[in-house]
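All remarks here apply to the structure that follows.
Letters A, B, ... mirror the listed sequences (proteins, then strands); counts begin at 1. Keep in mind that the numbers below use all heavy atoms, side chains included, and drop hydrogens, waters and symmetry copies.
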Number of protein chains: 2
Amino acid sequence: MQESGRGLTRSLSVTDWLKEHIISGSLLPGERLQEVRLSETLGVSRTPVRAALQSLAAAGLVDYAPNRGYAVRDFPISELIDAYEIRSALEGLGARFAAERGLDAEQQAALEGALALGDDLLSRAANLGAEFFVEFREVNVVFHDTVLEASRNRMLGEMIRMSYEKPRVSNRNIVAVDVREIERRHEEHHRIYESIMAREPGRAESIMREHVASVKVAMVRSLRTKGAAAVQGGAA
Amino acid sequence: MQESGRGLTRSLSVTDWLKEHIISGSLLPGERLQEVRLSETLGVSRTPVRAALQSLAAAGLVDYAPNRGYAVRDFPISELIDAYEIRSALEGLGARFAAERGLDAEQQAALEGALALGDDLLSRAANLGAEFFVEFREVNVVFHDTVLEASRNRMLGEMIRMSYEKPRVSNRNIVAVDVREIERRHEEHHRIYESIMAREPGRAESIMREHVASVKVAMVRSLRTKGAAAVQGGAA
DNA sequence: TCAACAAACTTTGTATACATTTGAGCCGGT
DNA sequence: ACCGGCTCAAATGTATACAAAGTTTGTTGA
């Protein structure tokens, strides 16, 4: 990772490195994060390592005890489920705000683009193989990020991002069960968009909330069946 | 603050000091937080100051730009309102979880104690002066903290605490309009407790959500009328 | 054998020196 | 007067040395 920090500081690079390895699971829950060990591994001094650990502790990704150091936080499955529940409430709120405040031209275009691309992908789903899932994931990310942006609420964004930053709880990660389920979820995207455009905050909120919550169910199911074998791509 | 760090590290003391001064408003929004200046003011080296700033940046209380340093984050009134909206959604969710999972004996006792004490205070409200508000604030804190604890959801707790940590958005701070309003809110506390005991998650959530949202309205009103003259004590 | 104490070792906390970046002010050219 | 680049001061980023706290280990006494 010596040169991975391109324009920014080593502290930020180390922070990213740790985040990635924690979220991806290559650093195991409970594992101690010793400063010297990490600094040797990453080829930097203790200072940026400490900076990163302090940030991550404040963000809730690692545990900290004074004079005893840091450890990868353990995320019991029950907490991942809770995180989804929270995300569902918060994204619902985001949709509400978006509907209350309306979309600017750019946001409207982004949403319509995502919807159209999703329609197109679904109509050709049979022909595309695994590529379908990868592309659809992008559609999904754009849709949710744009709604969030349209809520014009910085704090909400921070909190949702916080709930993303857990193993397996992200709109980038999870849960393609089958094409029909994705189809259904994309249909919900349409309904969310319509209710935002119609300026119906309550409806936008409840659809979005249910939309995200349904992914929670799918995640739980997939955790039950195959352990942690999360399929890449999907909708949420 | 030289000796204010009681058993803990200087970094934590500095963090607390900054938090307090930011939330209380004695450090103004936009104000730059220069490391040497702070370290001289607090009588420590730059190291713990940097640690504190990094934590607070991750927690969202200060802004950070690489190579340019830290500044007290500006919280426009609109964002305080948003924070209340979020808090209302999250505390509602907390009440839902509490109702789903039930109370242990200790939590039940704490809630019943808070309710009984609140009833008692209200019945004697006329006789007590300003003391009434101070005591009632404590009742309010206990009630909300206990419900949150009963939700058994660490992440939820973190997020709600995050929304507390803004100027003027706390269950410790705000908005006593008159005794009748407090009476009404305490009545809501009773109904929330009952719906949790009855294991009715949906009802607990919606009452709590509305309960907190009504405080938002009161806060907005008080901001409109007297600027920032928040009365100490109150219910939320 | 076991408990308790103490010393050595490990790890984190703090201070400080040095490196790098930023931004301001100055200066000369046009 | 304006623009561009240069120089230099000031602030942040990084490394390292030292201090303090915690943990382990080993010895001693019953």
Residues forming a side-chain contact (heavy atoms from CB on, under 4.5 Å) with A:Ser151, sequence neighbours excluded: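 A:Ser151 satisfies side-chain contact (heavy atoms from CB on, under 4.5 Å) with A:Phe97, A:Leu148, A:Asn153, A:Leu156 only.
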Apply side-chain contact (heavy atoms from CB on, under 4.5 Å) to A:Arg68 and list each qualifying residue two or more places apart in sequence or on a separate chain.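 For A:Arg68, the residues satisfying side-chain contact (heavy atoms from CB on, under 4.5 Å) (neighbours in sequence not counted) are A:Ala65.
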With distance as the sole test, does B:Arg73 use its side chain to make a donor-acceptor pair with the main-chain N or O of B:Gly60 at under 3.5 Å?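 Judged by distance alone, yes, a pair lies under 3.5 Å.
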Looking at B:Arg101, is its backbone amide N or carbonyl O close enough to the side chain of B:Arg152 to form a donor-acceptor pair, meaning the two atoms are under 3.5 Å apart?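 Not at all, since once roles are kept as given, no pair shorter than 3.5 Å links the two residues.
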Partners of A:Arg96 by salt bridge (charged side-chain N to carboxylate O under 4.0 Å, His left out), sequence neighbours excluded?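 For A:Arg96, the residues satisfying salt bridge (charged side-chain N to carboxylate O under 4.0 Å, His left out) (neighbours in sequence not counted) are A:Glu100, A:Glu205.
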According to ring pair (Phe, Tyr, Trp, His ring centres under 6.0 Å), who are the partners of A:Tyr70, at least two apart in sequence or on a separate chain?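 If we apply the ring pair (Phe, Tyr, Trp, His ring centres under 6.0 Å) test to A:Tyr70, skipping adjacent residues, the hits are A:Tyr64.
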Between the axis at one end of the helix from C:dT1-D:dA30 to C:dT30-D:dA1 and the axis at the other (five pairs apiece), what's the angle to 10 degrees?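 Terminal axis comparison yields 0°.
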Over all heavy atoms of both residues, which pair between B:Ala59 and B:Met162 is shortest? Give the atoms and the distance, please.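 Between these two residues, the closest heavy atoms are O-CE, 3.5 Å.
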Quick tally for nucleotides 10-19 of chain C: nucleotides whose base has a protein heavy atom under 4.0 Å get B, sugar-phosphate-only ones S, the rest -, giving -SBBBBBB--
